[in-house]
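Have a look at the structure below before the remarks.
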Amino acid sequence: MSDSQNDIRAYTLRLELVDEPGELLRSLRPIADNGGNLLSIFHERGNVTPRGHIPVEVDIEATPDRFEKIVDALHEAGINVVQAGTERYSEALTIVLSGHVIETDLSDTLERIQASANATVTDVSLSAPEGTADTSSARLQIAAESGATGTVLAGVREVADEKDLRLIEPLTTEGDR
Amino acid sequence: MRLAVIGAGAVGSSVVELAGEYGHDVTAFADSRSAAVDADGLDVDAVLDRKRTDGIVGDADPEDALSGPYDVLVEATPTTLGDAEPGMTHVEAALTRDRHVVLANKGPVAERYGDVRELEADSEGRVLFEATVGGAMPVLSTIADVGADHITAVRGVLNGTVNFVLSRMAAEGLDYEHVLAEAQDLGVAETDPSFDVEGTDTALKGVILANVLSEDREYTLDDAEVDGIVDIPGSVLELAREDGRTVRLIVEVREGEVRVGPRLVPENAALAPTGTYNTVQFETEHAGQLNVSGLGAGGPETASAILADVGRLDRS
């Protein structure tokens, strides 16, 4: 049913572009060339990822098979696709850390997780029922490039070990870890 | 078949009670101190009664049961770590006499798998152990049917006590200590729950799975990476739930590794069974994912897996 040629759906593509002239246009061409209909572009010019890339969110309409071609074409063009509508193309990871999460410098923890692999922490939620000086927990959502889950988790494990935090990992079915 | 049942706990007693219904006779029954032996078949009600009232099963010596008349030895003594004794001695006694062995005791196949297979190779008897992983659930027989070569990974929630504690923590927003005390009151958790909550029991089952899946390598508990659920704060489950997830103690056997630890899973995932239910998920080469769920513990439930093994031996 969803594979029908005429079934046009909306997709969100989250890209990370190198900060160079012409990169945005270069990233939109594979979309147009493969029959995607651009709905909106959100170009976060001032917001640079820890690796110095610029996040761009592109909403498009396309049939599922065209969308697949678009993502392939973006990959072929060397454009970094962080998220592509469905989980198939990106790995959205959720982890929970518990222990002295706040006292061990949460900002530093987040920065190091992002720096350890091609990952972006997209959401943080804290629970500190006993106050910040006691055991607390933090849930992090991490967007990783497709196929990079294993590397990201390895980086998280290292930081958690060093800061003596307990890590609850997600159950991933990906091959590498 | 004529069965000798060694071990008179919940599982052993259930085997004795249900054997007749499955078409088998119990010709010997022993606990650690006593035994009842009768080549014509025991009076099941009488021996179970005696165990209940006097704490012994009969007037004979436990050794008499091992050397008595039987086709299949059912080993249902408690699992011990390290040398897997006295379970291992019982296995050896039966195989040396060319008798079959059906294990409920995880020790021999988790701690001394190589020795078990070596003894089996020299014997006319076979060793089956479906009951050691996932109680009533057909886990090992599924592996046998699909073929170990065609299974790329196995993941499972294999401890009812741990699962009960995590389910309650998530549902009631309570801390570990509180729920554990409740589980002990209900009789779901042992007075000393460390075997379960530290992940050892789950790891032993993972080691058995790894042994069955592997052709050329023997695994023991030392090969498993084990983390339990001790002292997980309630806030972890609360944060997980806000995101539609929960925490389960999962054993994963993949690429030669056995790993046990608390993992985040979607609340409605197959690997998030509630209460004392168990689930095993197989990743197969040609058939995608296969899930098996059911009661992973309990006397009659585990006895049904033992009697299924006896049935397999009977047909072979």
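Here is the naming used below: chain letters follow the sequence lines, and residue numbers restart at 1 for every chain.
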Quiz item: Rounded to the nearest 0.5 Å, how far apart are OG1 of A:Thr94 and CG of B:Leu239?
Solution: 11.0 Å
Quiz item: Closest heavy-atom contact between A:Gln141 and B:Asp243?
Solution: NE2-OD1, 3.1 Å
Practice problem: Might you confirm whether atom CD of B:Glu172 has over 12 heavy atoms from other residues, nucleotides or ligands at distances under 6.0 Å? | Solution: yes
Quiz item: Do A:Pro170 and B:Arg245 come within less than 4.5 Å of each other through their side chains, counting heavy atoms only?
Solution: no
Quiz item: Tell me, side chain or backbone of B:Val265 under 4.5 Å from chain A's heavy atoms, or both, or neither?
Solution: side chain
Self-check item: Shortest non-hydrogen contact from A:Arg166 toward B:Gly228
Solution: NH2-O, 2.6 Å
Practice problem: Let me know if A:Leu126 has heavy atoms under 4.5 Å from chain B in its side chain, its backbone, both or neither. | Solution: backbone
Quiz prompt | Neighbour count above 12 (heavy atom, 6.0 Å) for B:Tyr277 OH | solution = no
Quiz item: For B:Pro262, is it the side chain, the backbone, both, or neither that has a heavy atom closer than 4.5 Å to a heavy atom of chain A?
Solution: both
Quiz item: What option among B:Ile232, B:Val247, B:Asp231 has the most heavy-atom pairs under 4.5 Å with chain A?
Solution: B:Ile232
Exercise. Please check if atom CD in B:Glu190 has more than 12 non-hydrogen atoms from other residues, nucleotides or ligands closer than 6.0 Å.
Key: no
Quiz item: Can you tell me how far the CG atom of B:Leu264 sits from the CG atom of A:Leu93, to the nearest 0.5 Å?
Solution: 10.0 Å
Self-check item: Interatomic spacing from CG in A:Leu167 to CZ in B:Arg263 - rounded to 0.5 Å
Solution: 9.0 Å
Quiz item: When rounded to the nearest 0.5 angstrom, what distance separates CD in B:Glu252 from CD in A:Glu169?
Solution: 9.0 Å
Quiz prompt | Neighbour count >12 (heavy atoms, 6.0 Å) for atom CG, B:Asp185 | solution = yes
Quiz prompt | Pairwise distance CZ(A:Arg139) to CD(B:Glu238) - rounded to 0.5 angstrom | solution = 10.0 Å
Quiz prompt | Contact listing (chain A partner; residues 128-138 of chain B; heavy atom under 4.5 Å) | solution = none
Exercise. Kindly check if the number of other-residue, nucleotide or ligand heavy atoms within 6.0 Å of CZ (B:Arg217) is above 12?
Key: yes
Practice problem: Check each atom of B:Leu249 against the heavy atoms of chain A and say whether the ones under 4.5 Å are side chain, backbone, both or neither. | Solution: neither
